[in-house]
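What follows is one structure encoded as C-alpha cells, with my remarks underneath.
By convention in this document, chain letters (A, B, ...) are assigned in the order of the sequence lines, proteins followed by strands, and residues within each chain are numbered from 1. Heavy atoms only: backbone and side chains are in, while hydrogens, waters and symmetry mates are out.
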2 protein chains.
Amino acid sequence: MRSLKQIRSFVAVFEEGSFTAAALREGATQSGISQHIRHLEESLGAELLVRDGRGVIPTVHGERYYAECVAILRRLDLAEAEISRSSALGGEVRIGLMPTFTRAVLAPTLDRFIAVAPTVDMRVTEAYSGVLTDLVRRGELDFAVVPGFQGAVGLSTTLLIRDREMLVASKNRLGQHLTPICLKDMDPLKIVVPGPQNTRRKNIETYCASHGVAIERRLQLDAMMGTLDFVASSEWVAILPGVMMVNDLDGTRFDIRPLDQPALYSDFVLIEPTRRVLSPAAALFASMLRETTEQTITIRQARMREA
Amino acid sequence: MRSLKQIRSFVAVFEEGSFTAAALREGATQSGISQHIRHLEESLGAELLVRDGRGVIPTVHGERYYAECVAILRRLDLAEAEISRSSALGGEVRIGLMPTFTRAVLAPTLDRFIAVAPTVDMRVTEAYSGVLTDLVRRGELDFAVVPGFQGAVGLSTTLLIRDREMLVASKNRLGQHLTPICLKDMDPLKIVVPGPQNTRRKNIETYCASHGVAIERRLQLDAMMGTLDFVASSEWVAILPGVMMVNDLDGTRFDIRPLDQPALYSDFVLIEPTRRVLSPAAALFASMLRETTEQTITIRQARMREA
DNA sequence: TTCCGATATTAATTTTTTTGATAGATGGTC
DNA sequence: GACCATCTATCAAAAAAATTAATATCGGAA
C-alpha cells in the first residue's frame with residue numbers, strides 16, 4: 001500500500017537527484033529510500049526514475065507524478081498548518097540570509113519581530129546563496145533570501161526586493177557621496193569582486209563588459225566583512241547592493257554612489273520549499289524583512305535627493 | 001508521524017459518521033480506527049471529531065480538514081490513475097443499478113461495452129438506491145445510478161438523465177397507447193407504488209396530492225418485476241420511469257401513456273466516491289449507459305409522435 | 001581495467017500497526 | 001431508573017512493516 005513516507009522519499013529523490021542525498025535530507029538511510037522507491041514503483045506498476053551510474057533521472061511518469069506529489073504534500077501541509085498553528089505566532093523560524101542582508105537590515109527587522117513575537121525561537125543562518133538554496137531545499141530552513149535566479153526543482157520563488165547597486169570606495173576617494181555615477185568615467189577600476197560562483201559576480205562582469213568599463217585589477221574576496229574593511233582602507237572599490245550600506249549613508253567611512261547610465265539593479269528573491277507552507281511566524285518575518293528593506297531604500301532615496 | 005492510513009481512516013469516519021462503520025468500510029477493526037484518529041488528533045494538536053453516544057460529530061476543524069483530505073486523496077488517486085491505468089481499458093468495473101435501469105437499458109449497454117472492452121471484469125449489482133448509495137460510499141462500487149437527490153457526504157453527483165414518468169396498465173385498459181394522459185382524468189386510481197423509503201414514492205405522492213389526483217387504493221410493492229407482472233394481469237396501474245419500458249412500446253403487453261398536464265420528470269444521477277477517480281473503463285461504461293438511455297428516450301419520442 | 005561513487009539486496013532489528021478482548025460511556029426504552 | 005443496545009477507548013499481545021548496517025552490484029571515467 002502507498003504511504004506518505006514513500007511519497008516524501010520520492011519527492012526528495014527527485015529534487016536531490018540522488019538516493020543518497022535524499023536519504024540525508026530525510027534523515028533516513030539510502031537503503032530505506034531505495035526500498036521506498038521500489039515499493040512505490042511496484043505498486044504503481046511503472047518506473048519513476050532511471051538509475052544511471054551517477055544518480056537518477058526521472059522518467060516521463062516520474063515527472064508527472066512528482067508534480068502531483070509536491071502539490072499534494074503542500075496542500076496537506078497547508079491543511080495541517082490551518083489547524084495546528086492556527087494563526088498563533090509560535091514555534092521556531094529558521095531563515096537564511098546573505099551578508100548583504102545581515103549587515104544592515106537584519107537587526108532592525110529582528111527588533112520589530114521579537115517585539116511582536118516574543119515566544120518564537122528564531123534562527124538565522126548567514127551564508128552565500130548556494131548554501132542557502134541547499135539548506136532550503138533540504139528543509140532545514142523555512143526560507144532564505146538569495147539573488148534572483150532561474151528557479152530550482154522543488155523551490156518556490158517570490159521577488160522580495162529590487163535594489164540598486166552602488167559603487168563603494170573609502171571616504172573622499174569618489175567624492176560627491178550619494179550622487180549617481182557612470183562607471184565608465186571612473187575606469188580603469190581596481191575592484192574587489194566575489195568569486196565566480198556568486199550570482200552577483202556575473203552581473204557585475206556582464207555590466208562592465210557590455211558598457212565598456214575597463215577593469216584594471218580584480219581582487220576576489222568571498223568575505224563581505226573583509227571586502228568592506230579592505231575597501232575602507234585602500235584605493236580599491238567594490239560594487240555592492242545599496243541595501244547593505246544604509247548605515248554608511250552619512251559618508252563618514254565610505255563614499256557611496258549609485259551606478260548610473262545605466263543603473264544596475266539586483267533582484268533578491270525569497271525561496272521556500274514548494275512542498276511546504278510558510279508558518280505564520282515565518283511569513284510575518286518575511287513581510288517585516290521586506291518592509292524594513294523597503295524603508296531602507298526609501299531613506300536612501302531621500303538622502304540622495306538631498307545630495 | 002502522519003500517514004495516509006490515518007487520513008483515509010479519518011475520511012471514512014467522517015463520511016460514515018461512526019468509527020465502527022468506518023472500520024467495516026476500511027476492512028479494519030474499530031480499535032485500529034480509533035487509534036488512527038487519536039494519533040491524528042494528537043499530532044495535529046486539535047480535536048477533529050466529537051464522540052457522542054451514537055457516533056461522531058465533526059468539529060469545525062474536522063470539517064475543514066475533511067474537505068482538504070478528500071481533495072488530497074482524490075488528487076492522489078488521479079495522479080496514480082494517470083500512471084497505472086494509463087488509458088488502458090482493463091481491470092474491473094463494479095456498478096450499481098436500480099431495476100429501472102436493469103430492465104431495459106442494461107443489456108444493450110453491456111453488449112456495446114463488452115465489444116469494446118472485452119478484458120474488463122464487469123460486475124453489476126441490482127438494488128434500490130439506499131443500498132447502492134451505501135455501497136458506493138463504502139467504495140464497493142465504482143459508481144451507481146440512483147434517483148436525483150440532495151447529495152451525501154463523500155459522494156460526487158452528476159446528472160445522468162432526466163426521464164418522463166409513465167402511467168402503465170395492462171393492455172387495452174387505458175387505450176390510446178403512447179399518447180399523453182392527464183392523471184386526473186383517470187381517477188380514482190388503484191395504484192401500485194414502491195415503499196416510502198423509495199425516492200420515487202415521494203415524487204408520486206407529491207404529484208398526486210398537488211394536482212388533485214384521487215387515489216382509491218394503494219398497493220405497496222417493492223419488487224419491480226412483481227409490479228409489472230401484477231399490473232399486466234390486473235386492473236391496477238403503476239407510475240414508472242419511461243426508460244424501463246422501452247421494450248414494451250409495441251403495446252402487446254401494456255398500455256403506456258406519459259403523464260401530462262403537467263408532465264412528471266425524474267432525474268437519475270451518477271454517484272461516485274469523491275475521494276476516488278473513475279477508471280477509464282468505468283467512465284466509458286457510464287457514458288455508454290447515458291448514450292443508450294438517451295437513444296431509448298429518443299426512440300420512445302418517435303413512437304409517441306407516430307401515435 | 002580499475003576505481004569511484006552510485007544504487008540494490010539482504011537479514012536482523014526496531015518500530016509501528018493491527019488485533020482481540022474488555023472496559024466505559026451514552027442514549028433510548030420499558 | 002435499571003436495562004439494553006450500541007457506541008468508543010484502552011491495553012497488551014501478535015503481526016506486519018519500516019529501518020538499519022553490511023555488503024553486493026552496477027555503470028561511467030580515467
Side-chain angles (χ1 to χ4, degrees), chain A residues 1-59 61-62 65-66 69 73 134 137-139 153, chain B residues 1-59 61-62 65-66 69 73 134 137-139 153:
Chain A
M1 202 50 204
R2 210 108 344 115
S3 78
L4 279 182
K5 278 235 182 69
Q6 287 171 2
I7 290 175
R8 277 192 248 267
S9 299
F10 171 65
V11 166
V13 172
F14 188 101
E15 291 177 357
E16 303 291 331
S18 136
F19 282 45
T20 312
L24 214 66
R25 155 169 148 185
E26 296 294 295
T29 58
Q30 175 266 320
S31 167
I33 297 289
S34 173
Q35 293 178 67
H36 275 316
I37 302 298
R38 177 155 57 89
H39 289 143
L40 192 56
E41 289 181 324
E42 275 170 8
S43 93
L44 289 174
E47 265 203 334
L48 296 174
L49 302 162
V50 177
R51 286 74 160 170
D52 79 354
R54 5 215 311 90
V56 296
I57 297 166
T59 64
H61 280 150
Y65 194 57
Y66 165 76
C69 286
L73 289 183
D134 273 354
R137 204 177 45 205
R138 291 162 57 171
V153 178
Chain B
M1 200 49 201
R2 210 105 346 113
S3 78
L4 278 182
K5 278 235 182 69
Q6 287 171 2
I7 289 174
R8 275 192 249 268
S9 298
F10 171 65
V11 166
V13 171
F14 188 101
E15 291 177 357
E16 302 291 330
S18 137
F19 282 45
T20 312
L24 215 66
R25 154 168 149 187
E26 296 293 297
T29 58
Q30 174 265 320
S31 169
I33 298 290
S34 174
Q35 293 177 67
H36 275 317
I37 302 298
R38 179 155 57 88
H39 290 143
L40 192 56
E41 289 181 324
E42 275 169 7
S43 94
L44 290 174
E47 266 204 334
L48 296 174
L49 302 163
V50 176
R51 285 76 159 168
D52 81 353
R54 3 217 311 90
V56 296
I57 297 166
T59 63
H61 280 150
Y65 194 56
Y66 166 76
C69 287
L73 290 183
D134 273 355
R137 204 178 43 205
R138 290 161 60 172
V153 178

Using whole Å, what does the distance between atom [atom2] of nucleotide [N] and atom [atom1] of [X] come to?
X	N	atom1	atom2	value
A/Glu42	C/dT9	CD	P	9 Å
B/Arg38	C/dT18	CZ	P	14 Å
B/Ile37	C/dT17	CD1	C1'	14 Å
A/Arg54	D/dA30	CZ	P	9 Å
B/His39	D/dC11	NE2	C1'	12 Å
A/Leu49	C/dA8	CG	P	9 Å
A/Asp52	D/dA29	CG	C1'	13 Å

### Query
Would you say A/Arg2 has more than 12 foreign heavy atoms packed within less than 6.0 Å of its CZ?
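Count over threshold, so yes.
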Side-chain contact, heavy-atom cut-off 4.5 Å: [X] with [Y]?
X	Y	answer
A/Thr20	A/Ile33	no
B/Met1	A/Arg8	yes
B/Asp52	B/Ile57	yes
A/Arg51	A/Ile37	yes

### Task
Decide, yes or no, whether a salt bridge links A/Glu16 with A/Arg25 under the criterion of side-chain N to carboxylate O below 4.0 Å.
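A/Arg25 and A/Glu16: salt-bridged.
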### Message
Under 4.0 Å, heavy atom to any atom of DNA chain C: which of residues 2-16 of chain A qualify?
### Response
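Those residues: none at all.
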### Of residues 19-36 of chain B, the positions that come close to DNA chain C - non-hydrogen atoms, cut-off under 4.0 Å
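B/Ala28, B/Thr29, B/Ser31, B/Gly32, B/Gln35, B/His36 - these, ordered by number, are the residues of the stretch whose heavy atoms sit under 4.0 Å from the strand.
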#### Entry: Distance below 4.0 Å between A/Arg51 side-chain N/O and C/dA8 OP1 or OP2
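A/Arg51 to C/dA8 OP1/OP2: side-chain N or O found under 4.0 Å.
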#### Entry: Mutual orientation of the aromatic rings belonging to A/Phe10 and A/Tyr66 [parallel < 30°, tilted 30-60°, perpendicular > 60°]
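Perpendicular: the ring planes of A/Phe10 and A/Tyr66 meet at over 60°.
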### Task
Could you tell me whether the side chain of A/Ser9 and the main chain of A/Lys5 form a donor-acceptor pair under 3.5 Å?
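Between the backbone of A/Lys5 and the side chain of A/Ser9 there is a qualifying donor-acceptor contact (under 3.5 Å).
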### Query
Does one side chain, of A/Gln35 or A/Ser31, offer a donor that lies under 3.5 Å from an acceptor on the other?
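Yes, side-chain donor-acceptor contact under 3.5 Å.
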